[in-house]
Amino acid sequence: MPADPEGKPPVVTPVRVVIALCLIAPFVAMLWVSSYAKVDPTFIGIPFFYWYQMLWVLISTALTMIAYMLWQRDQRARKGGASA
């Protein structure tokens, strides 16, 4: 996508779409309660309802870290490519 006439890079880029997906995925997963509102399968005696949510804590952390790293890289590229 070419830059606009003022020379600014486009606001919506593929990297920013990936960042948004990384940040939105946990919300969608947790708001769709009917997908995990069940007891089976259990994991070490913990019902699915609980361990699924705890798993998403870890997944959310990883996705947030990925989004942050991508955002940092995007900002460096927009400011002239200074290495980090």
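In this text the structure is predicted, and so the values were computed from the model without any measurement.
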Count I, L, V, M, F, W, Y as connected when their side-chain heavy atoms are under 4.5 Å apart, and connections chain through other members. Are Leu23 and Ile59 then in the same cluster?
no
d(Leu70 CG, Gln75 CD) to nearest 0.5 Å is 11.5 Å
Should Phe48 and Leu55 be counted in the same cluster of Ile, Leu, Val, Met, Phe, Trp and Tyr side chains packed under 4.5 Å apart? yes
Between the CG atom in Leu21 and the CG atom in Leu63, the distance rounded to the nearest 0.5 Å is 10.0 Å
Q. Is it true that Tyr68 and Val18 fall in one hydrophobic cluster, defined by side-chain heavy atoms closer than 4.5 Å?
A. no
*Can you check side chain to side chain contact (heavy atoms under 4.5 Å, CB included) on Val11 and Arg16, steps first, answer last?*
CA-CA 8 Å; Val11 175; Arg16 288 186 173 194; 3.9 Å; yes
Distance col, row Gln53:CD vs Ile46:CD1, nearest 0.5 angstrom, shows 12.0 Å
Rounded to the nearest 0.5 Å, the CZ atom of Phe49 sits from the CE atom of Met54 at a distance of 9.5 Å
Exercise for review: Before giving the answer on side chain to side chain contact (heavy atoms under 4.5 Å, CB included), spell out for Arg76 and Gln72 the whole-Å C-alpha distance, their side-chain angles and the decisive distance to 0.1 Å.
Suggested key: CA-CA 6 Å; Arg76 280 193 306 271; Gln72 293 266 323; 3.8 Å; yes
In short, Thr42 meets Pro47 closest at the heavy-atom pair CG2-CA, 4.1 Å
Between the OG1 atom in Thr13 and the CZ atom in Arg78, the distance rounded to the nearest 0.5 Å is 5.5 Å
Quiz item: If two hydrophobic side chains count as joined below 4.5 Å and joins carry through other members, does Ile19 share a cluster with Met65?
Solution: no
CD1 of Ile24 to CG of Leu31, rounded to nearest 0.5 Å, is 11.5 Å
Taking Trp51 for the side chain and Pro41 for the main chain, is one N or O donor matched with an acceptor at less than 3.5 Å? yes
May I ask whether Ile44 and Tyr36 are part of the same hydrophobic cluster, defined by side-chain heavy atoms of I, L, V, M, F, W, Y residues being less than 4.5 angstrom apart, directly or through others?
yes
Give a yes or no answer on whether the side chain of Ser60 reaches the backbone of Val57 with a donor-acceptor pair at less than 3.5 Å. no
Tell me if a side-chain donor or acceptor on Tyr52 pairs with a main-chain N or O of Ala37 at a distance below 3.5 Å. no
